[in-house]
Number of protein chains: 2
Amino acid sequence: MNLSIAEENYVKAIYKLQEGDTAVTTNALAYELDTKPASVTDMAKKLKDKQLIDYEKYKGITLTAEGRKTALQIVRRHRLWECFLVDKLAFSWEEVHELAEELEHVRSEKLTNRLSEYLGNPTVDPHGDPIPDAHGRMAKPRPQTSLDQANAKRLVVTAVTDQSVALLAFLNAKGIRLGTQLEIVAHYEYDNSIEIKMKHAPSLTISEQVAKNIMVRPV
Amino acid sequence: MNLSIAEENYVKAIYKLQEGDTAVTTNALAYELDTKPASVTDMAKKLKDKQLIDYEKYKGITLTAEGRKTALQIVRRHRLWECFLVDKLAFSWEEVHELAEELEHVRSEKLTNRLSEYLGNPTVDPHGDPIPDAHGRMAKPRPQTSLDQANAKRLVVTAVTDQSVALLAFLNAKGIRLGTQLEIVAHYEYDNSIEIKMKHAPSLTISEQVAKNIMVRPV
DNA sequence: AATATTGTTTAGACAAATCTAAATAATTTA
DNA sequence: TAAATTATTTAGATTTGTCTAAACAATATT
Ligand SMILES: [Mn+2]
Ligand SMILES: [Mn+2]
Ligand SMILES: [Mn+2]
Ligand SMILES: [Mn+2]
């Protein structure tokens with residue numbers, strides 16, 4: 001099936017929003033893609049015709065098996081290009097999403113697989129998200145929790161859930177990246193802020209909002 | 001100026017066809033882009049509006065200074081990606097054009113310049129074509145002639161003008177690539193075929209058509 | 001010079017992707 | 001449950017890039 005760039009972006013967005021079996025709503029998809037609900041309805045009809053989604057008027061959207069397979073291929077390309085940009089071209093993690101958003105649309109299995117191999121077949125991207133392999137399989141991520149819910153004291157950063165430039169740049173400024181080890185020094189109940197301590201640095205206090213978006217596991 | 005992919009492909013094709021100051025004809029451009037003359041006329045009006053080309057009805061098309069600059073940026077991206085695919089991902093020279101045709105449309109100066117640097121700022125692409133630098137300047141290619149016109153006996157292959165998969169695959173099969181050294185053993189006047197000899201290989205005879213598309217200079 | 005051929009443009013149409021505004025369905029509130 | 005609100009769809013338009021068929025211009029042939 002030959003998909004346009006717009007169609008690919010829709011399929012990927014549906015995949016992103018579809019947690020488990022919950023149908024994706026028209027409005028949510030419009031918001032995610034920065035477009036209008038009317039446009040989503042139009043596209044939903046096209047993707048249904050192409051059998052990439054199940055869709056009934058007013059009932060929301062879910063990917064078919066075929067659609068899920070397609071989505072995983074796009075996600076694979078996106079995350080591999082992000083790795084390339086960070087690992088080989090020394091881009092910072094907040095710069096790569098936008099570029100990968102375009103590079104992901106070059107559809108060549110050979111290119112994708114060669115790129116993966118060249119990068120050492122990475123299993124996570126620069127934001128800690130898992131990379132599907134050539135068959136669409138993702139390594140089951142090791143158990144992780146958001147920093148605000150962590151109970152162990154010594155932790156390592158495994159992923160970031162909000163990948164906005166604003167948060168990623170903030171984390172850069174504070175020296176927090178994937179693999180960073182830290183200890184929880186204190187929880188402040190007033191605003192649920194959390195004081196953390198990293199090696200070779202004074203402790204710092206981060207807001208609940210930041211903590212919620214940092215994923216960690218016990219070291 | 002924000003150009004669509006279609007517009008970029010037109011600008012690049014005009015650049016390719018515009019040798020010196022000869023205006024590019026509607027039909028030639030349609031053939032090059034595998035489209036119809038009527039479509040070219042439509043696009044010519046748009047590119048004229050955007051001041052990328054000079055165009056008067058029935059008088060053909062030439063790039064403006066702005067258009068030339070745009071074309072050189074696209075050519076730069078195209079050739080850098082070709083280098084990447086060959087040098088880093090081990091693609092063969094006949095596979096890369098099609099992929100670069102898509103990758104060239106990712107418009108990011110930062111990406112382009114980082115890629116160039118990563119590749120060691122190459123000055124020629126895998127087909128021997130020169131790569132414009134960040135300012136659009138190309139190294140003046142060292143003097144070269146087509147193999148059928150060469151008079152020196154000991155030669156080195158510097159470029160290939162016909163870059164069809166068919167010719168490139170033929171040259172692969174015969175062990176002829178950029179940098180290959182060869183001697184002219186004989187010219188056969190009957191069909192203008194040329195017998196050549198490369199190191200560590202028996203001599204072989206190639207047709208005039210092949211010879212015309214191999215660029216060489218004295219070693 | 002008249003005619004034929006070739007090259008180019010125009011007119012009118014279509015598909016893809018989007019939009020706004022209006023209509024309709026589903027859900028929540030009173 | 002009736003009214004109000006929210007979510008979604010439809011109708012109709014627009015832009016981009018393309019096409020075919022017909023008209024027109026430039027060039028070549030007799
Ligand atoms: Mn994208
Ligand atoms: Mn990512
Ligand atoms: Mn292209
Ligand atoms: Mn090339």
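Computation of the quantities below employed the complete heavy-atom set of this structure, encompassing side-chain atoms and omitting hydrogens, waters and symmetry-equivalent molecules. Just so we're on the same page: letters track the sequence lines, and every chain starts at 1.
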Inset, instruction - Write down the distance between CG (B/Leu33) and P (D/dT18), rounded to a whole number of angstrom. - result: 8 Å
Inset, instruction - Enter the distance from B/Glu95:CD to B/Glu82:CD here, rounded to the nearest 0.5 Å. - result: 11.5 Å
Inset, instruction - For A/Lys46 and C/dA15, give me the distance from atom NZ to atom C1', rounded to whole Å. - result: 9 Å
Inset, instruction - Look at the side chain of B/His187 and the backbone N and O of B/Ser193, then say whether any donor-acceptor pair between them is shorter than 3.5 Å. - result: no
Inset, instruction - Apply the test side chain to side chain donor-acceptor pair (under 3.5 Å) to residues B/Asn9 and B/His105: give CA-CA distance (whole Å), side-chain angles for both, the deciding distance (0.1 Å), then the verdict. - result: CA-CA 9 Å; B/Asn9 284 333; B/His105 301 293; 2.9 Å; yes
Inset, instruction - Respond yes when some side-chain nitrogen or oxygen of A/Ser39 is under 4.0 Å from OP1 or OP2 of C/dT18, and no when none is. - result: no
Legend entry - Selected nucleotide, minimal atom distance to B/Pro37 side chain, candidates C/dT18, C/dT9, D/dT9: C/dT9
Inset, instruction - Measure the distance from CE on A/Met43 to P on D/dT9 and round it to the nearest whole Å. - result: 15 Å
Legend entry - N-O pairing of B/Arg76 and B/Glu104 below 4.0 Å: no
Legend entry - B/Glu56 bridged to B/Lys48 by N-O distance under 4.0 Å: yes
Inset, instruction - Let me know the distance between CG of B/Asp42 and C1' of D/dC19, rounded to the nearest Å. - result: 9 Å
Inset, instruction - Figure out the CD/P separation between B/Glu7 and D/dT15, and round it to whole Å. - result: 15 Å
Legend entry - Salt-bridge criterion met for A/Glu32 and A/Lys16 (N-O under 4.0 Å): yes
Legend entry - OH (A/Tyr118) with more than 12 external heavy atoms under 6.0 Å: yes
Inset, instruction - Would you indicate whether A/Lys50, at its atom NZ, is surrounded by more than 12 heavy atoms from other residues, nucleotides or ligands within a distance under 6.0 Å? - result: yes
Inset, instruction - For A/Lys36 and for B/Glu56, locate the closest nucleotide of DNA chain C by heavy-atom distance; then report the residue assigned to the nucleotide nearer the 5' terminus. - result: B/Glu56
Inset, instruction - Return the value, rounded to whole Å, for the distance between atom CD1 of B/Ile5 and atom P of D/dT18. - result: 11 Å
Inset, instruction - List in numerical order all residues of residues 19-32 of chain A for which some heavy atom is under 4.0 Å away from an atom belonging to DNA chain D. - result: A/Thr25, A/Thr26, A/Asn27
Inset, instruction - Please tell me which of the listed nucleotides, D/dT10, C/dA16, D/dG17, lies nearest to the side chain of A/Lys45? - result: D/dT10
Enumerate the protein-to-nucleotides 21-27 of chain D contacts in which both atoms are nitrogen or oxygen and the separation is below 3.5 Å.
| residue | atom | partner | partner atom | Å |
| --- | --- | --- | --- | --- |
| D/dA25 | O4' | B/Tyr58 | OH | 3.4 |

Inset, instruction - May I ask you to verify if any side-chain N or O of B/Thr35 is less than 4.0 angstrom from the OP1 or OP2 atom of D/dG17? - result: no
Inset, instruction - Calculate the interatomic distance between A/Asn2 atom CG and C/dA15 atom P; express it in whole Å. - result: 18 Å
Inset, instruction - Using a strict 4.0 Å threshold on nitrogen-to-oxygen distance, state whether B/Glu8 and B/Arg107 make a salt bridge. - result: yes
